[in-house]
Amino acid sequence: MTVLQRYFGKEILRAVLFVLLAFLALFAFFDLIGELPAVGHGGYQIQHAFLYILLGLPGYTYELMPIAALIGTIYVLAQFASNSEFTIMRVSSLSTFQAGVMLAKIGLVFVVITFVFGEIVSPASAELAEKLKQQAQGTISKEFRSGLWTKDLIKSHGGDGEVIGTRFINVQELLPNGQLNGLKMYEFDRELRLTSMVTADAAVYRGRNYWQLTGVAETRFEPTVFDLSTLPDAKAGISTVKLPSRQLISEITPEILSVTFADPDRMSAFGLSAYTRHLAENNQVTERYDIAFWKKIVYPFAVFVMMALALPFAYLHARSGGVSLKIFIGIMIGVSFKLLNSLFSHVGLLNTWPPLVTALLPSLLFLVGAVLALRWVERH
């Protein structure tokens with residue numbers, strides 16, 4: 001069994017690596033075509049496009065690893081079947097359970113690689129790629145025509161006490177280095193009465209939840225402004241102060257703001273968890289990021305499901321179709337899994353399914369399919 005384990009591992013690792021590199025080359029080619037229209041805008045040149053595409057490959061590695069594991073394993077097992085090697089292994093007392101255990105041990109390597117790329121390599125490279133592109137083009141990020149909007153809580157005792165109000169922040173420009181330009185803040189008390197409006201030319205993050213605002217104009221509103229009986233004297237409740245600079249304590253950080261422009265599927269589970277907590281604390285909808293978080297946890301284990309789906313192909317003889325046909329079927333299964341995974345994310349979001357169920361269902365359905373296929377080939 002040790003000899004067979006090494007033989008299986010060597011052949012499958014080689015095949016999966018080949019399939020993965022072929023997919024990465026294909027996706028890199030398509031990305032290059034997509035980036036060519038942007039070349040020449042600002043300082044964005046062809047070398048920046050190549051580097052941008054290169055930094056995007058870890059994300060594709062994470063997404064394609066289960067599919068590459070499926071196709072590579074199908075290729076190896078189909079080769080074993082066509083050369084009667086798997087038949088000899090079965091005659092030598094190799095059971096289906098033992099073959100499954102060997103594939104699971106090999107799959108564990110791919111699971112770890114997928115997790116490392118999804119949690120560490122891909123988020124870092126995706127963030128670096130976006131910064132590189134923005135700096136080369138000299139552009140900034142905008143979410144809406146009116147700028148970026150976000151919500152924050154106002155806390156007493158320097159941000160460590162109880163919640164005493166709510167702050168809505170509007171940013172016209174977010175630079176690649178995290179600096180904010182054209183800042184507007186509307187602060188409300190716990191009864192949702194407007195207490196102040198602050199504008200600033202720029203804001204720079206100093207760490208530890210401190211922002212340094214420059215070119216500040218703060219207008220404060222007394223509660224009597226909203227009392228109709230005192231409307232003639234309302235101006236007496238308004239005061240405006242202009243300051244060259246001031247500090248702002250806020251739970252909003254450049255990392256949280258950058259999430260607004262990031263694809264949740266390219267974020268790490270840690271980043272998704274932190275941003276989900278921020279949204280929950282501000283009573284905002286978290287379902288989209290909850291689903292993305294659980295998909296991030298579950299997706300690496302889809303490698304086991306894909307390799308289980310490949311095992312029945314070892315029991316099919318050459319007359320059931322050549323290796324090329326089986327690889328084509330594997331590609332179709334991989335594409336179906338990818339599409340179903342994306343479909344369930346949207347359906348689960350629309351129907352408010354539990355995030356864990358939404359993330360698990362595609363893998364569970366394909367696992368059931370793998371078990372049924374194994375039972376069928378063993379009987380026939």
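Positions are given from 1, in the same order as the sequence printed here.
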For the residue pair S250 / D152, report whether a side-chain donor-acceptor contact shorter than 3.5 Å exists.
yes
Take R246 and V198, measure what side-chain contact (heavy atoms from CB on, under 4.5 Å) needs, and give me the verdict at the end.
CA-CA 11 Å; R246 61 159 282 193; V198 180; 4.1 Å; yes
Using a distance-only test with no angle check, is there a side-chain donor-acceptor pair under 3.5 angstrom linking E187 and S196?
yes
If only atom types and distance count, is the side chain of T73 paired as donor or acceptor with the main-chain N or O of A69 below 3.5 Å?
yes
With a 4.5 Å cut-off on side-chain heavy atoms, are K155 and E251 touching?
yes
Tell me, which pairs form a salt bridge (charged side-chain N to carboxylate O under 4.0 Å, His left out) where one or both residues lie in residues 341-359, sequence neighbours left out?
none
Review item, side-chain donor-acceptor pairs of residues 102-110, under 3.5 Å, at least two apart:
none

For salt bridge (charged side-chain N to carboxylate O under 4.0 Å, His left out), just list the numbers for E35 and K133, CA-CA rounded to whole Å, side-chain angles, deciding distance to a tenth of an Å, and then say yes or no.
CA-CA 11 Å; E35 287 299 312; K133 188 173 184 179; 3.2 Å; yes
Check the pair I154, V163 against side-chain contact (heavy atoms from CB on, under 4.5 Å), reporting the backbone distance first and the verdict last.
CA-CA 6 Å; I154 306 173; V163 177; over 6 Å; no
Would you indicate whether the side-chain heavy atoms of L132 and E127 approach each other to under 4.5 Å?
no
Determine whether the aromatic ring centres of Y60 and F30 lie less than 6.0 Å apart.
no
Do Q47 and Y52 meet the criterion of a side-chain donor-acceptor pair at a distance under 3.5 Å?
no
Tell me whether K242 is salt-bridged to E218, with the criterion being a basic N under 4.0 Å from an acidic carboxylate O.
no
Hey, what else clusters with L21 if you join Ile, Leu, Val, Met, Phe, Trp, Tyr whenever side-chain heavy atoms sit under 4.5 Å?
L17
Would you say the side-chain atoms of S342 pair up with the backbone N or O of L339, donor to acceptor, closer than 3.5 Å?
no
For I169 and K184, what are the C-alpha separation, side-chain angles and deciding distance, and is it a side-chain contact (heavy atoms from CB on, under 4.5 Å)?
CA-CA 6 Å; I169 303 174; K184 292 182 181 179; over 6 Å; no
Hey, is the main chain of Q79 close enough, under 3.5 Å, to the side chain of N83 for a donor-acceptor pair?
yes
Answer yes or no: is there a side-chain heavy-atom contact under 4.5 Å between I71 and F23?
yes
With sequence neighbours excluded, give me every ring-ring contact (aromatic ring centres under 6.0 Å, His included) pair touching residues 178-198.
F168-F188
Answer with yes or no after comparing the ring centroid distance for Y75 and F18 against a 6.0 Å cut-off, counting only values under it.
no
Run the side chain to side chain donor-acceptor pair (under 3.5 Å) test on T195 and D189 for me, step by step, so that the C-alpha distance in whole Å, both residues' side-chain angles and the decisive distance to 0.1 Å come before the verdict.
CA-CA 7 Å; T195 59; D189 60 18; over 6 Å; no
For L343, is there any backbone N or O sitting under 3.5 Å from a side-chain donor or acceptor partner on H346?
no
With side chains defined as the heavy atoms from C-beta onward, is the minimum distance between M306 and I67 less than 4.5 Å?
no
Ring of F270, cation from K296 - is the NZ or CZ under 6.0 Å from the centre and inside 45° of the axis?
no
Ring pair (Phe, Tyr, Trp, His ring centres under 6.0 Å) with F29: which residues, sequence neighbours excluded?
none
Checking L57, T61, V112 against F117 for side chain to side chain contact (heavy atoms under 4.5 Å, CB included), the one that qualifies is T61
Those residues that, when tested against F344, pass ring pair (Phe, Tyr, Trp, His ring centres under 6.0 Å) (two or more places apart):
none
Test side chain to side chain donor-acceptor pair (under 3.5 Å) on T2 and R6 and set out the steps.
CA-CA 6 Å; T2 303; R6 291 176 182 172; over 6 Å; no
Does any non-hydrogen side-chain atom of Q212 lie less than 4.5 Å from one of S245?
yes
With Y299, the ring pair (Phe, Tyr, Trp, His ring centres under 6.0 Å) member among F304, Y62, F293
Y62
Tell me, do L360 and V357 make a side-chain contact under 4.5 Å, heavy atoms counted?
no
Is a side-chain donor-acceptor pair under 3.5 Å present for S345 with K295?
yes
With the side chain counted from C-beta on, respond yes when L36 and I46 share a heavy-atom pair under 4.5 Å apart, and no when they do not.
yes
In sequence, state the C-alpha distance, the side-chain angles, and the governing distance for T114 and V111, and then conclude on side-chain contact (heavy atoms from CB on, under 4.5 Å).
CA-CA 5 Å; T114 306; V111 169; 5.7 Å; no
